[in-house]
2 protein chains.
Amino acid sequence: MSIRYGLLALLSRGPRHGYQLRQEFEASTGATWPLNIGQVYTTLSRLERDGLIRQGEADEQGRVVYEITEAGRAEVERWFGTPVTPADRPRDELVIKLAMAVATCPDALKVIQAQRTASMRAMQELTRAKRDTASPAQRLVLDSMIFQVEAEQRWLDHCEAVLREEQS
Amino acid sequence: MSIRYGLLALLSRGPRHGYQLRQEFEASTGATWPLNIGQVYTTLSRLERDGLIRQGEADEQGRVVYEITEAGRAEVERWFGTPVTPADRPRDELVIKLAMAVATCPDALKVIQAQRTASMRAMQELTRAKRDTASPAQRLVLDSMIFQVEAEQRWLDHCEAVLREEQS
DNA sequence: ACAGCCATGTAACTTGTTACATGATTTT
DNA sequence: AAAATCATGTAACAAGTTACATGGCTGT
């Protein structure tokens, strides 16, 4: 629901049109997850269908402007007030992969090694991206990814240690 | 694609029927993400549609048994050999929420506080769950979540520090 | 004239998810 | 007899995603 609520939150600041929403969304969340412009419009249609936004009057340039409704405002409030729990998060593909590998794969250690290499490269790219990013919001997003990759690396080490212990 | 590839990986060990697949999947990945049995069958249909598995002969108990095809085996190999990158992961709802909150919300600090409380509670539940889990595979999954919540807590501290600095 | 950006939208698709229907077998 | 578990499946939907069509405007 990230995009859905993200756009709704942007609209709670004031009326916006679709193209503008993509710009602001990407300005906040950065280049790691590019947002296809088509998706903005599909998401806006669904938000309108659900009564959380409505089409306002057109721009002076004739652009279609959306504005948040009362129901939408309440929904944003609820969203900001509700923390994210582990159960809310989608299944982590890496975790599933390793869980399957330890039971299935000829050698799970190879999977771990390949992932570790990729993680290190990801870390390099993230630090480089952070160096090149001026926007504070985008830096926070990059920081989050850096912390997550660090956690991933720790977990990979841990998995390898557990595996080696089991084998011996 | 976690479920899709997860089931495919299980089938690469040998023929299985649907109910059994759910049991083995949950035995590996644990109780945090329960797998609805209906989803097993929808996913199996789609895997069959894509030529990655096929229906074999029925069980001695008359149960429908699926087996992996050559194409499926190749796909599993490819999956195990391909690392997960940050771009592969879905947008993190917490990250989006905070990125929106710092720019939109009356006070983002409240959002951070609420999340921190939830994170601490999540951590408690995860350590309790780990204490009660004998299966090594499930313990690894729980360890992954623990590392992730730790990273989340570090990031929340970091966000708060950055915010307070900006305000002053 | 043409390339590139601004701008809106739709059709088709994917995976994930749940609610429901159905019946057999096993346990209490 | 009733409850629980085993077992298979379908219908309907949500959210995310991309490819494509369409046209206006701007700078070279």
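Every chain is numbered from 1, with letters handed out A, B, ... down the list of sequences.
- In this structure, B/Arg89 atom CZ and C/dT15 atom C1' are separated by 18 Å, rounded to whole Å.
- Taking only side-chain nitrogens and oxygens, A/Arg91 comes nearer than 4.0 Å to OP1 or OP2 of C/dT17.
- When the C1' atom of C/dT15 is taken as reference, atom CG of B/Asp88 falls 15 Å away, rounded to whole Å.
- Listed by chain and residue number, B/Arg116 satisfy the side-chain contact (heavy atoms from CB on, under 4.5 Å) test with B/Asp157 (two or more places apart in sequence, or in another chain).
- Atom CD in A/Glu75 sits about 10 Å away from atom P in D/dA15, given to the nearest Å.
- Nucleic acid contact class of A/Arg46 (heavy atoms, under 4.0 Å, all strands): base.
- The distance between atom CG of A/Leu47 and atom P of D/dA14, rounded to the nearest whole Å, is 13 Å.
- Summarising the geometry, the separation between CZ on A/Arg4 and C1' on D/dA14 is reported as 9 Å, rounded to the nearest angstrom.
- Atoms CD (A/Glu60) and P (D/dC25) sit 14 Å apart, rounded to a whole Å.
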Sugar-phosphate or base contact per nucleotide [nucleotides 5-10 of chain D; S, B, -; heavy atom under 4.0 Å] | -BBBBB
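- Residues forming a side-chain contact (heavy atoms from CB on, under 4.5 Å) with B/Lys130 (at least two apart in sequence, or on another chain): B/Arg139, B/Leu142, B/Asp143, B/Ile146.
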Start with the C-alpha distance between B/Trp155 and B/Leu98, add both sets of side-chain angles, then the distance that settles side chain to side chain contact (heavy atoms under 4.5 Å, CB included), and finish with yes or no.
-> CA-CA 11 Å; B/Trp155 185 63; B/Leu98 240 74; 3.9 Å; yes
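- Identified under the salt bridge (charged side-chain N to carboxylate O under 4.0 Å, His left out) test for residues 19-35 of chain B, with sequence neighbours left out: B/Arg16-B/Glu24.
- Evaluation of the side-chain contact (heavy atoms from CB on, under 4.5 Å) rule for A/Thr29 yields A/Phe25, B/Ile96, B/Ala99, B/Met100 as partners, not counting sequence neighbours.
- Using a 4.0 Å cut-off between a side-chain N of Lys or Arg and a carboxylate O of Asp or Glu, B/Arg89 and A/Asp92 qualify as a salt bridge.
- Taking the C1' atoms of five terminal pairs at each end of the helix from C/dA1-D/dT28 to C/dT28-D/dA1, the two resulting helix axes are inclined by 10°, rounded to 10°.
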I'd like a table of donor-acceptor pairs (distance under 3.5 Å, sequence neighbours excluded) in which one partner is a side-chain atom from residues 5-14 of chain A, with atom names and distances.
unit_1	atom_1	unit_2	atom_2	d
A/Tyr5	OH	A/Glu75	OE2	2.5
A/Tyr5	OH	A/Arg78	NH2	3.2
A/Ser12	OG	A/Ala9	O	2.6
A/Arg13	NE	B/Thr104	OG1	2.8
A/Arg13	NH2	B/Thr104	OG1	3.4

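- Straight-line distance from the CG atom of B/Leu35 to the C1' atom of C/dT18: 12 Å, rounded to whole Å.
- Applying the salt bridge (charged side-chain N to carboxylate O under 4.0 Å, His left out) definition to pairs two or more places apart or across chains, none involves residues 28-42 of chain A.
- For B/Arg49, a side-chain nitrogen or oxygen approaches OP1 or OP2 of C/dT15 to under 4.0 Å.
- A/Leu7 has its CG atom 12 Å from the P atom of D/dA15, to the nearest Å.
- Residues that satisfy the side-chain contact (heavy atoms from CB on, under 4.5 Å) test with B/Arg131, not counting sequence neighbours, are B/Arg128.
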